[in-house]
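Below, read A as the first sequence line, B as the second, and so on, with proteins coming before strands; counting in each chain starts at 1.
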Amino acid sequence: MELAAKYNAAEVEDKWYAYWLEHKFFHSEPNEKEPYTIVIPPPNVTGILHMGHVLNNTLNDVLIRNARMHGKNACWVPGTDHASIATESKVVAKLKAEGISKEDIGREEFLKHAWAWKEEHGGIILQQLRKLGCSCDWDRTRFTMEPALSEAVINTFVYFYRKGWIYKGVRMVNWDPEALTAVSDDEVVHKDTQSHFYHLRYYISDGNGQPTDKFLVIATTRPETIMADAAICVNPKDERHHWLRGKKVLIPLINREIPVIEDDYVEMDFGTGCLKVTPAHDVHDYEIGLRHNLPVLEIIDDHGKLNENAQILVGEDRFVARKKIVKMLEEAGNLVKVEDYTSPVGYSERTNAVIEPKLSAQWFLKMDTLAKVALETVDSGRTKFIPERYVNTYRHWMENAHDWCISRQLWWGQRIPAYYLPNGQFVVEATPEAALEAARAICPDIKAEDLHQDEDVLDTWFSSWLWPISVFDPDMPGHPDHKPNKDLAYYYPTSDLVTGPDIIFFWVARMIMAGEEFMGREPFSNVYFTGIVRDKIGRKMSKTLGNSPNPLDLIGTYGADAVRIGMLLCSSAGNDIFYDEAQIKQGAAFCNKIWNSYRLVKGFSVDDSIAQTPAAAAAIRWFDAKLSETVATVEDHYRKFRISDALMAIYKLFWDDYCAWYLEAIKPAFGQPVDRATYDATLGYFEALLKLIHPVMPFITEELWQNMEDRKEGETIMYAAAPVVKPFDPETLVNFELAEEAVNGVRGIRNQKNIAPKETLDLKIKGGFPADVLPVVEKMGNVKVETVADFGSGQGVGFMVRTHEMFVALSGLVNVAEEIAKLEKDLAYQQKFLAGVRGKLANERFVANAPAAVIENERKKEADSLSKIESLESQLKALKNS
RNA sequence: GGGCGAUUAGCUCAGUUGGUUCAGAGCACCUGCCUUACAAGCAGGGGGUCGACGGUUCGAAUCCGCCAUCGCCCACCA
């Protein structure tokens with residue numbers, strides 16, 4: 001097959017992905033080999049691929065492919081998450097566009113639409129992952145809301161309920177008035193928000209509901225809630241307000257009478273020292289209300305509008321009401337002053353609506369024991385975090401975990417299996433049948449239609465926390481006594497988890513909790529936290545900014561391998577990723593380099609009758625060692641999850657060592673054949689390099705590996721054994737480096753003197769240079785080497801390779817004065833350096849305290865420096881005499 | 001308000017237990033080359049007071065203190 005001069009990714013990628021699928025290379029079944037398991041962080045079922053996914057899944061795929069080539073039974077389980085709020089809001093929006101509201105059509109009908117939406121848009125992202133080359137075991141694809149996994153969620157709920165860790169309670173929750181659901185504390189984002197501090201005058205009541213001329217002033221940011229006030233509170237130690245004891249005050253505008261109470265909660269030096277207490281609409285006020293037995297009056301409805309209880313401004317949105325009431329207060333003479341004020345306000349992570357603290361009945365899961373156990377998992381190192389510093393974040397959260405609000409006022413999700421009897425009692429059972437039976441124990445003649453299931457569904461994370469277990473054995477969660485099936489027993493615990501730090505609490509922590517609870521051990525050994533993908537000037541990628549490229553376009557333009565390289569190049573562990581298309585271009589250039597190196601190698605004609613050149617022999621000796629050295633480095637990087645470093649090590653091995661040095665050293669003259677031994681070695685190294693880089697660049701490596709020889713159907717580089725480290729003599733590496741430096745020296749002189757590479761030069765080297773690499777110097781430097789004891793008096797330029805003196809003979813091209821100046825400069829530097837070293841050695845405290853090796857090194861520096869000085873001086877002398 | 005992290009070349013980052021000639025890499029940049037694998041390339045080159053100040057030490061990019069700037073997480077002063 002003739003190879004094009006440029007690599008064309010588009011032509012080969014689909015072909016090989018189809019081949020891999022056809023042969024089920026990604027599929028894993030339990031066997032006698034050591035498992036290596038990753039569960040995908042399930043993307044939203046209706047989501048589409050963005051750069052964050054590209055980063056995450058590239059890393060996952062690199063790890064999985066690397067493990068596979070190291071003989072592990074690698075299994076990467078893919079799947080999607082039903083993403084309760086996100087998906088439901090998309091479906092609601094779609095219906096709204098059609099003029100349909102979800103309340104009108106009811107739960108069942110709505111769910112039909114939701115499933116239809118899921119069927120239409122779901123799983124697109126999994127198709128996109130195929131384009132990226134991800135080697136997921138597609139036969140194991142899971143969905144958090146598929147029947148088996150939903151059952152696991154319900155069983156888990158029943159399990160914790162029976163254990164007494166799930167309870168229903170009326171609590172102040174974070175209410176999202178747009179999504180119309182409660183959200184957990186973790187889904188609330190606090191942002192400093194510019195607002196106002198309103199100072200309001202409340203008149204003291206005369207006892208009959210009429211204002212006196214005495215008043216107090218409170219400060220509030222939420223004047224629209226005054227109608228829900230239940231009291232005014234002051235600090236008992238605050239003498240300024242003692243006169244208020246036992247008094248009642250009137251709420252402005254509506255003139256309702258409320259008491260003045262005392263509580264330590266109030267800060268004396270904040271605001272006016274008087275706090276309006278609004279138990280229905282503020283978390284702290286609710287607490288105060290509980291302590292003082294205050295009535296709770298709700299005046300804001302689920303949509304964030306004032307209701308009948310408010311008496312005034314009924315039906316107005318809370319923010320509109322705020323503006324209007326300020327005006328009304330001003331007109332009524334109750335507004336003392338308005339200050340600018342910045343305070344943290346909670347926003348819904350999902351809808352960005354301002355969270356309304358709201359009293360409502362919700363389901364909670366107790367966190368104390370779960371959190372304590374899960375903290376121990378990480379503290380003991382059974383699960384490691386990379387980078388390690390996330391352990392601190394994790395610990396802080398675990399030590400302060402509040403009970404988890406797990407109910408959501410949505411329909412898309414697993415419905416809470418609580419069934420209410422007409423008398424208000426409820427039973428919790430996994431199925432309606434079991435619920436009926438349980439209900440009959442309470443109320444013997446109850447019928448199925450008398451039971452009413454709870455309207456709420458469970459938080460999405462209440463299903464995804466089971467992921468590492470339920471994808472293998474959905475019967476396990478909720479049944480810790482159940483014997484794990486074959487898959488779960490084999491694949492659990494999984495090996496590594498790659499995810500973003502933004503879901504450390506939502507997901508990672510909770511998977512550890514569930515893992516410990518149901519399996520009695522950690523769900524994964526390592527958690528690698530990636531950074532957030534930002535654009536090149538540091539902004540988060542977002543749709544509104546339009547700074548997020550479409551990964552599929554990039555794959556189309558540059559190829560999946562290039563995109564993968566581009567992402568990895570800039571992804572040092574734990575740091576945010578500054579995405580720049582230039583890095584993907586670099587990846588594409590690397591593909592092309594690999595491609596062309598293969599074109600060269602493949603173009604060699606072999607002659608079995610000719611002997612290996614000394615330069616080729618030296619290059620092979622060296623590259624053999626270099627390969628082993630690099631493989632060892634790469635493996636070390638992988639162990640430490642330094643994937644971009646591993647990539648860079650291979651990149652340099654391929655480009656600099658193999659292409660720039662090795663291939664040039666063994667390359668025969670144009671049109672000439674190469675000997676058999678060299679050819680075989682060269683192809684062998686090429687294959688080793690392909691295997692080494694395959695986890696990062698799966699497509700081009702498969703393409704070339706298949707092309708190298710006639711592979712049988714069913715063969716793949718995916719399962720080729722990774723190159724192993726062989727023992728090597730470090731001196732081989734050092735000697736070749738000397739040769740490289742000698743060549744570089746010659747090239748430098750050529751550049752300086754404008755001498756064409758084609759022109760062969762004479763290079764004199766003083767004795768002691770390793771002889772076996774001299775042929776490499778001759779070939780690569782295009783020089784004729786002569787080993788001499790003395791350079792004699794001919795014209796030329798001298799230079800040093802470490803301690804070896806070299807001299808390029810040049811006649812007519814040397815400007816003696818210039819050379820002298822250069823040598824004198826070098827000499828001065830060297831003398832200064834020597835003085836420094838000697839100063840150190842003369843320092844008694846240094847000699848007394850420093851380790852022997854360090855002192856020894858200083859002595860070596862001294863000796864080397866002396867020899868260089870000697871050489872420079874003799875060169876100078878020769879020049880001056882010429 | 002509390003905690004964590006970062007600050008090294010124009011950019012993105014390495015730099016392990018303080019000590020090899022340690023101040024590095026990739027990209028970008030500059031100069032010269034279309035040398036028959038590759039111009040997505042080849043050869044050469046310039047560029048940093050390691051954020052500031054102080055301290056420990058024979059020796060500090062590295063350890064300690066303080067400050068500055070940036071980022072992230074947590075947080076109920078209305």
Any base atoms under 4.0 Å from Ser597(A), or only sugar-phosphate, or nothing? Heavy atoms, all strands.
base
What distance, rounded to whole Å, do you find between the two C1' atoms, one in rC33(B) and one in rG24(B)?
28 Å
Reckon Lys652(A) touches a base, only the sugar-phosphate, or nothing at all at heavy-atom distances under 4.0 Å?
sugar-phosphate
Take atom CG of Leu841(A) and atom C1' of rG59(B), then tell me their distance rounded to the nearest Å.
13 Å
Under 4.0 angstrom, heavy atoms only, what part of the nucleic acid is Val601(A) near: base, sugar-phosphate, or nothing?
nothing
Need one value for Gly273(A): base, sugar-phosphate or nothing, where a base atom within 4.0 Å counts as base even if backbone is also close, heavy atoms only.
base
Look at Lys337(A) together with Glu339(A) and state whether they make a salt bridge at an N to O cut-off of under 4.0 Å.
yes
Quick check on RNA chain B: between Asp185(A) and Asp282(A), whose nearest nucleotide comes earlier from the 5' end?
Asp185(A)
Nearest whole angstrom, please: distance from the P of rA40(B) to the CG of Asn592(A).
8 Å
Dot-bracket assigned to RNA chain B with the 3.5 Å Watson-Crick/G-U criterion, [ ] for crossing and | for other-strand pairs, is (((((((..((((.....[....)))).(((((.......))))).....(.(((..]....))).))))))))....
Could you measure between the two C1' atoms, the one in rC63(B) and the one in rU69(B), and give it in whole Å?
23 Å
Salt bridge between Lys860(A) and Asp864(A), side-chain N to carboxylate O under 4.0 Å?
yes
Are Leu200(A) and Leu329(A) close enough, and set up right, to give a side-chain contact (heavy atoms from CB on, under 4.5 Å), and what steps lead you there?
CA-CA 8 Å; Leu200(A) 305 182; Leu329(A) 287 164; 3.7 Å; yes
At 4.0 Å (heavy atoms only), tell me whether Phe833(A) reaches a base, stays on the sugar-phosphate, or touches nothing.
base
NA contact type, Lys585(A), heavy-atom cut-off 4.0 Å: base, sugar-phosphate, or nothing?
nothing
Do Phe385(A) and Tyr390(A) make the cut of ring centroids closer than 6.0 angstrom?
no
Rounded to the nearest 0.5 Å, what's the gap from NZ on Lys652(A) to CG on Leu647(A)? Could you check?
11.0 Å
Which part of the nucleic acid does Tyr341(A) contact within heavy-atom distance under 4.0 Å: base, sugar-phosphate only, or nothing?
sugar-phosphate
Indicate, with a heavy-atom threshold strictly under 4.0 Å, whether Cys659(A) touches base, sugar-phosphate, or nothing.
base
So if I take every side-chain heavy atom of Phe670(A) and compare against rG5(B), rU36(B), rA78(B), which nucleotide ends up nearest?
rU36(B)
C1' spacing across the pair rU62(B) / rG51(B), given as an integer number of angstrom
16 Å
Any salt bridge linking Lys640(A) with Asp636(A)? Criterion: basic side-chain nitrogen under 4.0 Å from a carboxylate oxygen.
yes
Hey, are Glu224(A) and Arg222(A) close enough for a salt bridge, meaning a charged N less than 4.0 Å from a carboxylate O?
yes
Touch class at under 4.0 angstrom, heavy-atom based, for Pro851(A) against every strand present:
base
Rounded to the nearest 0.5 Å, what separation is found between the CG atom of Asn174(A) and the SG atom of Cys405(A)?
8.0 Å
Rounding to an integer number of angstrom, what distance separates rG3(B) and rC66(B) when you compare their P atoms?
12 Å
Have a look at Tyr651(A) and say if it touches a base, only the backbone sugar-phosphate, or nothing, with a 4.0 Å heavy-atom cut-off.
sugar-phosphate
Whole-angstrom distance between rU35(B) and rG19(B), as gauged at atom P
47 Å
How would nucleotides 6-13 of chain B be written as a contact map, 5' to 3', with B for base contact, S for sugar-phosphate-only contact and - for no contact, using protein heavy atoms under 4.0 Å?
------SS
Quick one: the side chain of Gln586(A) and the base of rA28(B), do they pair up donor-acceptor inside 3.5 Å?
no
Checking rA75(B), rC42(B), rG26(B) against the side chain of His190(A) (C-beta onward), the nearest is rA75(B)
When all nucleic acid strands are considered with a 4.0 Å heavy-atom cut-off, which category describes Asn744(A): base, sugar-phosphate, or nothing?
sugar-phosphate
Just N and O in the side chain of Lys593(A): are any of them under 4.0 Å from OP1 or OP2 of rC42(B)?
yes
With respect to the phosphate group of rC27(B), does any side-chain polar atom (N or O) of Trp655(A) fall under 4.0 Å of OP1 or OP2?
no
I need the CD1-P distance between Ile532(A) and rG71(B), as an integer number of Å.
13 Å
Using a 4.0 Å heavy-atom cut-off, does His284(A) contact any base of the nucleic acid, only the sugar-phosphate backbone, or nothing at all?
base
Under the rule for salt bridge (Lys or Arg N to Asp or Glu O under 4.0 Å), what residues qualify as partners of Asp561(A), not counting sequence neighbours?
none
Checking contacts here: which listed nucleotide (rC73(B), rU35(B), rU20(B)) is nearest the side-chain heavy atoms of Phe505(A)?
rC73(B)
Against Phe686(A), only a single residue in Tyr679(A), Tyr598(A), Phe604(A) fulfils ring pair (Phe, Tyr, Trp, His ring centres under 6.0 Å); can you say which?
Tyr598(A)
For Glu388(A), report the nucleic acid contact type (base, sugar-phosphate, nothing); a contact means any heavy atom under 4.0 Å.
nothing
Determine: side-chain N/O of Lys6(A) to OP1/OP2 of rA40(B), distance under 4.0 Å, yes or no.
yes
Closest of rG41(B), rA78(B), rA37(B) to the Pro344(A) side chain is rA78(B)
Considering only rA37(B), rA78(B), rC74(B), which nucleotide approaches the side chain of Thr221(A) most closely?
rA78(B)
Looking only at side-chain N and O atoms, does Arg845(A) come under 4.0 Å of OP1 or OP2 in rC58(B)?
yes
Considering only the C1' atoms, how many Å lie between rC76(B) and rG1(B), rounded to the nearest integer?
12 Å
Take atom C1' in rA61(B) and the same atom in rA9(B), then report the distance between them in whole Å.
14 Å
Tyr685(A) ring center within less than 6.0 Å of Tyr658(A) ring center:
no
Choosing from rU35(B), rC58(B), rC77(B), which nucleotide comes nearest the side chain of Glu267(A)?
rC77(B)
Do the ring planes of Tyr7(A) and Trp595(A) sit parallel (below 30°), tilted (30 to 60°) or perpendicular (above 60°)?
tilted
Separation between the P atoms of rU7(B) and rC13(B), rounded to whole Å
9 Å
If you measure from the Lys or Arg side-chain nitrogens to the Asp or Glu carboxylate oxygens, is any gap between Arg802(A) and Glu737(A) under 4.0 Å?
yes
Would you classify Ala850(A) as touching base, sugar-phosphate or nothing, given that sugar-phosphate means primed atoms plus P, OP1 and OP2, and contacts are heavy atoms under 4.0 Å?
base
Nearest heavy atom decides the nucleotide; on that basis, is Leu600(A) or Val283(A) closer to the 5' end of RNA chain B?
Leu600(A)
